[in-house]
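Residue numbers begin at 1 in each chain, while the letters A, B, ... track the order of the sequences. Heavy atoms only: backbone and side chains are in, while hydrogens, waters and symmetry mates are out.
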2 protein chains.
Amino acid sequence: MSPKVSKEHKEQRRANILNAAKNVFIELGYEHTTMKHIMDETGVSRGGLYQYFSNKEDVFECILEEELNHESIEISEILKGSVQSYWDLLLESIYGEERKPDDEMDPLAPSKLEFFITGRNNDRRKEYCKNRYYNGFKIYADIIEQGQQDGEFSDKFDSEVIARSIITFIDGLSVDQSILSKEDLKSKQQSVLFLEYLKMILEVK
Amino acid sequence: MSPKVSKEHKEQRRANILNAAKNVFIELGYEHTTMKHIMDETGVSRGGLYQYFSNKEDVFECILEEELNHESIEISEILKGSVQSYWDLLLESIYGEERKPDDEMDPLAPSKLEFFITGRNNDRRKEYCKNRYYNGFKIYADIIEQGQQDGEFSDKFDSEVIARSIITFIDGLSVDQSILSKEDLKSKQQSVLFLEYLKMILEVK
DNA sequence: AATTATAACGACATAAGTGTCGTTAATCAA
DNA sequence: TTGATTAACGACACTTATGTCGTTATAATT
């Protein structure tokens with residue numbers, strides 16, 4: 001109902017689609033959602049949807065892209081802030097502003113896992129994936145290394161292996177959260193234990 | 001080419017299909033393989049395949065079932081063996097006979113992840129999943145608890161949370177192994193670190 | 001050798017998803 | 001008011017996968 005329309009309107013529409021699509025992905029997962037599902041949820045026609053995105057993969061990657069932008073802004077703000085303690089910095093980069101674990105998780109996480117795992121044979125996607133991994137990796141590794149140089153952390157263990165272990169732990173929780181109910185997983189308890197572990201190997205305090 | 005055939009022959013054929021199917025799943029992943037792929041790999045016709053299995057899900061579950069049988073035999077043999085040390089027992093239940101981490105992984109692991117994660121909205125599959133989780137969980141939790149009662153392990157931390165953490169770590173490695181190359185992941189190093197962690201919280205030696 | 005049971009086959013109907021493309025109609029500019 | 005532009009639409013052709021079912025042919029039985 002609107003040709004030769006303002007740039008804002010188009011952006012709005014695009015955002016609407018992405019928003020609706022995100023809800024669909026959360027509900028049905030990546031593999032099982034179809035363009036039809038997204039059309040229905042958004043209330044847009046087939047042709048309308050394809051005007052904005054060329055396929056499901058495209059839609060999903062755009063959602064990831066948007067998230068990544070928000071996240072990287074957050075992280076850069078964290079790093080800009082006053083660094084009283086590298087430990088706090090690490091906590092913030094893992095758990096966000098709260099700096100402490102809870103039982104909440106990213107509702108899109110299971111779909112992300114699907115997307116990455118089912119795309120493991122696709123070179124382009126694999127590359128995409130690897131970049132995301134190393135982005136996260138770098139943040140943790142840098143903080144730990146700086147903390148070690150500063151003397152706040154013990155350098156008994158390699159900062160890079162610790163950084164990887166953090167990601168492994170988060171990914172593991174993500175898997176189990178996809179499968180088990182919140183109550184079954186007890187992610188908070190696990191996180192608390194994991195922090196104990198980090199404290200031990202970094203010799204914090 | 002064989003009607004009214006021996007039970008052995010049928011079992012053989014079934015095993016052949018499962019074996020071929022497993023290879024296909026390893027190569028293409030769960031979601032992307034089709035019955036056609038399995039037919040081609042096995043060299044069996046459409047009708048032939050459907051005589052043994054009613055759909056892809058069925059095929060995959062039978063593969064899992066077979067594995068589970070082997071594993072539970074192994075585990076029960078481990079538990080039957082001489083228990084010099086609960087620590088060794090734990091290592092064996094995590095890493096198998098070798099009792100030490102390596103860079104090898106279950107090649108079907110990524111497909112299993114797919115299967116469980118994409119099936120998270122299916123009640124039957126969710127239940128199946130949960131059972132598998134708690135099977136693994138119980139093995140670790142029992143060993144740890146017995147070790148704690150025996151005094152070999154510290155009981156500073158809850159055995160169940162530790163058991164969950166072991167699974168989380170393994171699942172996390174599984175995810176990252178699906179995405180990254182062997183070299184990128186450095187799973188062995190991570191495992192070594194993880195063992196250090198277990199030693200610390202269990203106060204081994 | 002004849003009979004029988006049935007494993008194995010492959011064509012088929014059905015269903016579902018994809019991306020395209022010609023049409024419609026609404027907005028802006030002249 | 002008219003004309004140009006193009007967002008939005010939805011029918012369409014195409015592709016791919018699924019599970020069924022009637023047919024074929026062979027191993028076991030008599």
- Note on the structure: Sorted by number, residues from residues 27-39 of chain B placing a heavy atom under 4.0 Å from DNA chain C are none
- Expected list for residues 42-53 of chain B near DNA chain C, using heavy atoms below 4.0 Å, is B/Val44, B/Ser45, B/Arg46, B/Gly47, B/Gly48, B/Gln51, B/Tyr52
Whole-Å distance between [N] [atom2] and [X] [atom1]?
X	N	atom1	atom2	result
A/Arg14	D/dA7	CZ	C1'	16 Å
A/Lys56	C/dA16	NZ	P	16 Å
B/Arg13	D/dA27	CZ	C1'	14 Å
A/Asp40	C/dA16	CG	P	14 Å

- Query: Has A/Lys10 got a side-chain N or O lying under 4.0 Å from the OP1 or OP2 atom of D/dA7?
  - Reply: yes
- Message: Please find the pair of heavy atoms, one from A/Trp87 and one from A/Leu195, that lie closest to each other, and give the distance.
- Response: CH2-O, 3.9 Å
- Task: Locate the shortest heavy-atom distance separating A/Ala109 from A/Ser174; write the atom from each residue and the value.
- Result: CB-OG, 3.5 Å
- Which salt bridge (Lys or Arg N to Asp or Glu O under 4.0 Å) pairs, counting each pair once, include a residue from residues 134-144 of chain B, with sequence neighbours left out? B/Lys138-B/Asp142
- Message: Under 4.0 Å between a side-chain nitrogen and a carboxylate oxygen: does that hold for A/Glu196 and B/Lys156?
- Response: no
- Kindly assign one of parallel, tilted or perpendicular to the pair B/Tyr134 and B/Phe137, based on the angle between their ring planes and the thresholds 30° and 60°. perpendicular
- Query: Angle class for the B/Phe25/B/Tyr30 ring planes (parallel below 30°, perpendicular above 60°, tilted otherwise)?
  - Reply: parallel
- Message: Can you confirm whether the side chains of B/Asn69 and B/Glu65 place a donor and an acceptor under 3.5 Å from each other?
- Response: no
- Can any side-chain N or O of A/Lys10 pair as donor or acceptor with the backbone N or O of A/Tyr52 at less than 3.5 Å? no
